[in-house]
Amino acid sequence: MENQFNQQTNGNPYPQGNSYQQGNPYQQGGAYQQGNPYQQGNAYQQGNPYQQGNAYQQGNYYQQGGAGNGYGNYNGGGNVSPQKAPNIFQQFALSFIPTQYERLTRVKTGSMIGFVTLLALAATLLSFLAVIFDFGSIDMEELASQLPDFTLADGRLYMEEDFLYDESGIFVYMTEDIDGFSYEDAAELAAEGYQDVMLVGRDSISLMQDGQYQQADFADFGDTLEISREWIASTLMPLVVVILIIAYIIIFLGMGLGYFLFAAVYLLFAMLIAAVMKKNLDTGALFRTAVYAKVLMFTVATVLNLIPFVHFSVPFLLRVAITLGFMGFAIAKLPGQNNQMQAPMMMGQGGQGW
């Protein structure tokens, strides 16, 4: 019979089965050695979303998805710095280059409205100055000396006999036998080659200068206004200037509103063109394309109106056709949108979420 102490020695729980030797969690199965989450299974080493699956490293939308960066980066290559939208003067220059309309689609709404407003204002001022220059070249004293005696009072014209002046491209006709004249009457004379047409009836006066038509009723001048031949030489010029200023203010407002109205109509054609080309473009980009595509023919019409020896304008349907063709070419050069925008995702190891 073995010694109890030998049995205890061979089976001593401290040498062989000592929990601090064989089963000691700090030696063999210690959670801090084999199963220690800070060594083998540590979430901050193997599965740490800030190392392997960190959305700000591997799947970072603003690093790998730079080409589709939500900040509107058009440079690609991961550059997140957006290009600066063109200013008003650059917008005018780029509107003639359809391959550069991508930059124009980034113009803010306020800047676009300001551009159209300045464009309409410039066209109105140039036309107004041209009319004033032509009207100022007329010698009013010489013209008044050739006029018959007449009186304009109580909102109507009084004169004994009709008057006709036809010289140097100027046509003036005055009579009290006709109530007034219309645009068609003045346009018919202008079509014959007259640059300045003045038709005076009993109740109104009609003026046509370089294709610009104005009409005023004598009743609008008031009952206290009295005009005679002598009054024309000294007072008519300032009065006509005031009338022209009021008329051109109305023209300016109508021109600006009409520009956007026609641009809205062209937007419908732009949407149709984009659909045919299978281009995925948002409505804002198409509307800006329509707005800037109109600049070409708008400028041509304004320039033709300012040239003294040119007495024709581009037909309306031809202007529409040219604008649509120009707009279609610009749309073809615009890059389509990416329908599947990548959203930032916080992914861990193996595509698993936190």
Side-chain angles (χ1 to χ4, degrees), residues 92 116-147 152 157 163-174 180-201 204-218 220-221 225 227 229 231-259 295 297-316 319:
F92 181 76
V116 174
T117 301
L118 287 180
L119 188 66
L121 180 61
T124 303
L125 289 177
L126 290 175
S127 179
F128 175 77
L129 293 177
V131 170
I132 293 298
F133 178 80
D134 292 339
F135 192 79
S137 62
I138 301 175
D139 190 343
M140 297 303 298
E141 293 183 357
E142 180 181 355
L143 179 61
S145 64
Q146 301 181 33
L147 293 176
L152 180 61
L157 174 69
F163 172 77
L164 176 64
Y165 177 87
D166 184 358
E167 186 177 343
S168 301
I170 300 174
F171 185 90
V172 178
Y173 181 65
M174 301 175 62
F181 297 90
S182 63
Y183 169 81
E184 288 75 15
D185 298 328
E188 182 179 355
L189 292 170
E192 297 178 5
Y194 293 102
Q195 297 182 5
D196 300 286
V197 177
M198 182 170 68
L199 302 175
V200 184
S204 64
I205 177 174
S206 298
L207 298 174
M208 174 75 78
Q209 294 181 318
D210 294 332
Q212 299 293 327
Y213 178 77
Q214 295 89 30
Q215 180 174 338
D217 295 330
F218 297 141
D220 298 336
F221 298 155
L225 178 63
I227 300 175
R229 183 172 62 181
W231 179 88
I232 291 178
S234 58
T235 311
L236 180 60
M237 177 66 75
L239 178 61
V240 171
V241 171
V242 172
I243 295 175
L244 289 177
I245 290 175
I246 297 175
Y248 273 96
I249 290 176
I250 298 175
I251 291 174
F252 162 68
L253 296 176
M255 187 180 299
L257 294 176
Y259 193 102
V295 174
M297 295 311 302
F298 182 88
T299 303
V300 171
T302 302
V303 171
L304 291 178
N305 185 42
L306 295 176
I307 299 177
F309 55 84
V310 175
H311 303 290
F312 69 92
S313 59
V314 181
F316 175 75
R319 292 174 60 181

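Because the structure is predicted, anything quoted here is derived from the model rather than measured.
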Shortest non-hydrogen contact from M208 to A190?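 That would be CG-CB, 4.0 Å.
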Quick one: closest heavy-atom pair of S206 and F181, and the distance?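 Looks like OG-O, 3.2 Å.
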Testing V172, I170, V131 for side-chain contact (heavy atoms from CB on, under 4.5 Å) with D196, which one passes? I170
Applying side-chain contact (heavy atoms from CB on, under 4.5 Å), can you list everything that pairs with I243, at least two apart in sequence or on another chain?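 Per chain and number, I243 pairs via side-chain contact (heavy atoms from CB on, under 4.5 Å) with F221, L239.
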Going by side-chain contact (heavy atoms from CB on, under 4.5 Å), name the residues that satisfy it together with L189, two or more places apart in sequence or in a different chain. F171, E192, Y194, V197, L199
Any side-chain to backbone donor/acceptor pair from S204 onto A216? Under 3.5 Å, distance only.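 It does not hold such a pair.
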Could you state the interatomic distance from [atom1] ([X]) to [atom2] ([Y]), rounded to the nearest 0.5 Å?
X	Y	atom1	atom2	value
F316	M297	CZ	CE	11.0 Å
L306	F133	CG	CZ	12.5 Å
Y165	M174	OH	CE	14.0 Å
I250	Q214	CD1	CD	10.5 Å
L244	I249	CG	CD1	11.0 Å

In chain order, what residues pass the side chain to side chain donor-acceptor pair (under 3.5 Å) check against [X], with sequence neighbours excluded?
X	answer
Q212	none
Y183	none
D210	none

Can L207 and Q215 be said to form a side-chain contact (heavy atoms from CB on, under 4.5 Å), step by step? CA-CA 6 Å; L207 298 174; Q215 180 174 338; over 6 Å; no
Does F298 reach the side chain of V116, with side-chain heavy atoms less than 4.5 Å apart?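 They are not in side-chain contact.
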Do the non-hydrogen side-chain atoms of V200 and Y173 ever get within less than 4.5 Å of each other?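 SC-SC contact between V200 and Y173 ruled out.
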Output, in order, the C-alpha distance, side-chain angles, deciding distance and verdict of side-chain hydrogen bond (donor to acceptor under 3.5 Å, both in side chains) for S182 and D185. CA-CA 5 Å; S182 63; D185 298 328; 3.2 Å; yes
Would you check, one step at a time, whether the test side-chain contact (heavy atoms from CB on, under 4.5 Å) holds for Y259 with T117? CA-CA 9 Å; Y259 193 102; T117 301; over 6 Å; no
Considering only distance and modelled atom types, tabulate donor-acceptor pairs under 3.5 Å from the side chains of residues 118-128, sequence neighbours left out.
| from | atom 1 | to | atom 2 | distance (Å) |
| --- | --- | --- | --- | --- |
| T124 | OG1 | A120 | O | 2.8 |
| S127 | OG | Y248 | OH | 3.3 |

